[in-house]
Amino acid sequence: MRYSFSRRRNRFASVIATVSMLGMVLGVASLITVLSIMNGFAGELRERILALVPHGFVVAQEGRVDGWTELAGQLAAQPDVLAVAPYLADKVILASRGTARGANLTAIDVERQAGVSGVGDAMVAGTLAELEQLPFSIVLGAALARGLGVAPGDSLEVTLPSLTVTPLGTFPRSKRLHVVGLFAVNAQPDSYQAYVSLATGQRLFGAGDTVDGLQLRTGDLMTAPHQLAALAAGLPPGVQVRDWTQTQGSLFRAVKMEKIMVGLLLLSVVAVAAFNIVSTLVMAVAEKRGDIAVLRTMGARSGEIMAIFLAHGLGLACTGIGVGAVLGVALASHIARLTAMLEQWFGVKLFDPSVYFISELPARLQGQDVAAVIVASLLLSLLASVYPAWRASRIAPAEVLRYE
């Protein structure tokens with residue numbers, strides 16, 4: 001530290017050492033903060049979207065599932081399965097007051113559905129129970145209802161992807177439904193998801209007593225794919241198991257890949273700061289050539305000389321990494337409070353809930369991310385320090401002292 005920042009030393013070399021260390025602080029702090037924010041966004045996305053998504057599905061390999069009550073009882077008896085619920089689902093067109101929207105219409109058994117998804121807890125108007133009480137009623141996502149301009153008590157037209165043959169010709173099957181409730185999870189399903197009762201859905205889709213499949217809930221969302229894969233071996237022929245990663249996994253894989261790519265881009269900031277250490281060490285070696293030669297003539301080995309300059313470079317890096325890690329952890333832990341202060345000072349709303357579905361910047365600090373950033377930064381700093389240190393160890397004492 002004395003040789004890096006001493007005022008009696010070359011001022012330019014001290015500036016380079018300071019800049020490289022500050023660059024390391026900035027890179028490490030920004031990398032930890034951004035990774036924490038991306039963890040927060042991924043967590044919000046997972047909790048809100050997967051609140052409506054069961055952990056798994058049992059579906060027929062062809063057509064629909066007949067005699068589903070017996071299969072549901074068999075599945076409910078499995079130790080890893082906490083709840084089972086039937087469903088029918090298809091894409092439809094909803095229309096009201098001259099406005100039409102595409103939607104995913106799901107027919108559910110209201111009583112059983114409470115065990116496999118959290119749509120009942122997300123209701124902001126009405127209740128799911130009203131689907132059973134009023135025939136041909138529907139519950140909409142809040143954003144979908146806004147787009148159609150409807151509210152509980154209104155009615156809308158649903159058009160299904162099937163045809164009805166009449167003496168006047170062939171027409172798409174359609175039916176008028178009454179809106180009895182709205183739900184909101186503050187995520188994309190609010191803009192396309194709708195629910196009807198199972199009895200209503202079977203009449204709309206012409207499914208009789210059959211269903212498209214059974215929804216399953218296990219003890220843990222993250223281990224559900226492995227549990228359901230083991231469950232599939234005991235199922236009767238003609239049915240198969242799908243887990244949530246097959247229906248929603250592409251979204252979360254994209255989020256994970258985005259986190260990796262952003263992390264690599266920000267790691268380049270750390271790499272630039274780390275390789276600024278090369279300039280610091282090169283100037284230190286040039287300045288201390290005479291001292292290195294004297295040490296060598298006193299018996300110092302080349303490995304010892306190399307270790308001195310490696311310690312010099314890593315000392316600068318560790319100072320920057322340590323300060324950056326502390327700063328990054330502090331920022332990630334208080335980012336929501338800081339953004340709220342900025343919004344108050346400047347009178348702006350950084351995150352409009354109607355656009356981003358969030359009102360504040362989420363952040364989830366994970367120890368493995370902090371450890372990964374520190375280890376990667378140390379490795380980059382070590383690589384940056386090796387060559388100048390090796391060049392210092394190769395200085396020939398006779399060549400240097402000849403001109404002293």
Side-chain angles (χ1 to χ4, degrees), residues 44-45 48-53 87-110 113-114 117-207 211-212 247-248 251 349 351-359:
E44 291 287 328
L45 195 64
R48 296 181 184 192
I49 291 181
L50 296 184
L52 302 184
V53 178
Y87 77 98
L88 284 162
D90 209 341
K91 300 290 190 295
V92 300
I93 296 175
L94 302 178
S96 176
R97 302 173 184 176
T99 302
R101 292 285 188 276
N104 182 34
L105 183 64
T106 304
I108 58 174
D109 183 317
V110 173
Q113 190 69 22
S117 77
V119 62
D121 298 328
M123 297 295 295
V124 294
T127 63
L128 283 181
E130 296 180 59
L131 292 177
E132 301 281 3
Q133 299 167 3
L134 181 64
F136 295 105
S137 55
I138 188 171
V139 166
L140 302 174
L144 179 59
R146 284 196 302 269
L148 292 169
V150 297
D154 296 334
S155 61
L156 52 77
E157 192 84 12
V158 57
T159 302
L160 296 101
S162 57
L163 300 176
T164 300
V165 179
T166 70
L168 299 178
T170 302
F171 298 94
R173 180 180 295 179
S174 61
K175 182 69 177 177
R176 182 158 290 275
L177 302 178
H178 300 282
V179 180
V180 296
L182 306 176
F183 71 87
V185 292
N186 295 325
Q188 289 301 320
D190 292 351
S191 63
Y192 65 77
Q193 185 64 52
Y195 292 98
V196 295
S197 68
L198 185 62
T200 298
Q202 288 175 331
R203 295 179 65 179
L204 287 174
F205 298 130
V211 296
D212 283 342
T247 58
Q248 303 289 333
L251 173 63
K349 190 67 176 175
F351 297 96
D352 185 354
S354 63
V355 177
Y356 298 102
F357 297 113
I358 58 172
S359 58

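Along the sequence shown, residues carry numbers from 1.
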Closest heavy-atom contact between D190 and V185? OD1-N, 2.9 Å

Going by atom type alone, with no hydrogens or angles, which donor-acceptor pairs under 3.5 Å involve a side-chain atom of residues 133-145 and a protein atom two or more places apart or on another chain?
unit_1, atom_1, unit_2, atom_2, d
S137, OG, L134, O, 2.7

Distance-minimising heavy-atom pair for A107 and G201: CB-CA, 3.6 Å

Restricting to side-chain contact (heavy atoms from CB on, under 4.5 Å), what partner residues turn up for A114, sequence neighbours left out? none

Applying side-chain hydrogen bond (donor to acceptor under 3.5 Å, both in side chains), can you list everything that pairs with Q193, at least two apart in sequence or on another chain? N104, T106

Please evaluate residues L182 and M123 with respect to the criterion side chain to side chain contact (heavy atoms under 4.5 Å, CB included), reporting the C-alpha separation (whole Å), side-chain torsions for both, the decisive distance (0.1 Å), and the verdict. CA-CA 6 Å; L182 306 176; M123 297 295 295; 5.9 Å; no

Test of understanding: with side-chain contact (heavy atoms from CB on, under 4.5 Å), list the residues that count as partners of R97, not counting sequence neighbours. D154

Non-neighbouring partners of F205 that pass ring pair (Phe, Tyr, Trp, His ring centres under 6.0 Å), sequence neighbours left out: none

According to side-chain hydrogen bond (donor to acceptor under 3.5 Å, both in side chains), who are the partners of S155, at least two apart in sequence or on a separate chain? R176

Listed by chain and number, what are the side-chain contact (heavy atoms from CB on, under 4.5 Å) partners of A100, not counting sequence neighbours? I93, A95

Partners of S191 by side-chain hydrogen bond (donor to acceptor under 3.5 Å, both in side chains), sequence neighbours excluded? none

Determine the minimum heavy-atom distance between L88 and Q202, stating which atoms define it. CD1-CG, 3.4 Å

Separation between CG of D121 and CZ of F183, rounded to the nearest 0.5 Å: 13.0 Å

So, do L198 and I108 sit near enough that their side-chain heavy atoms are less than 4.5 Å apart? no

Mind checking side-chain hydrogen bond (donor to acceptor under 3.5 Å, both in side chains) for D212 and listing every partner two or more places apart, or none if nothing turns up? R64

Minimal non-hydrogen separation, R173 against G206, with atom names: NH1-N, 3.5 Å

Quick check: closest heavy atoms across T99 and G147, and the distance to 0.1 Å? CG2-O, 3.3 Å

Examine distances only and state if a side-chain atom of R101 and a backbone atom of Y192 form a donor-acceptor pair shorter than 3.5 Å. no

Euclidean distance, T159 OG1 relative to K91 NZ, rounded to 0.5 Å: 16.0 Å

Taking only residues two or more places apart in sequence, or in another chain, which ones meet S197 in a side-chain contact (heavy atoms from CB on, under 4.5 Å)? L131, E132, A199, T200

Shortest non-hydrogen contact from P161 toward V92: CD-CG1, 4.4 Å

Stepwise side chain to side chain contact (heavy atoms under 4.5 Å, CB included) check, L177 with K175: CA-CA 6 Å; L177 302 178; K175 182 69 177 177; 4.1 Å; yes

Of all residues at least two apart in sequence or in a different chain, which pass the salt bridge (charged side-chain N to carboxylate O under 4.0 Å, His left out) check with D90? none

Flag side-chain contact, heavy atom, 4.5 Å: Q113 against V119: yes

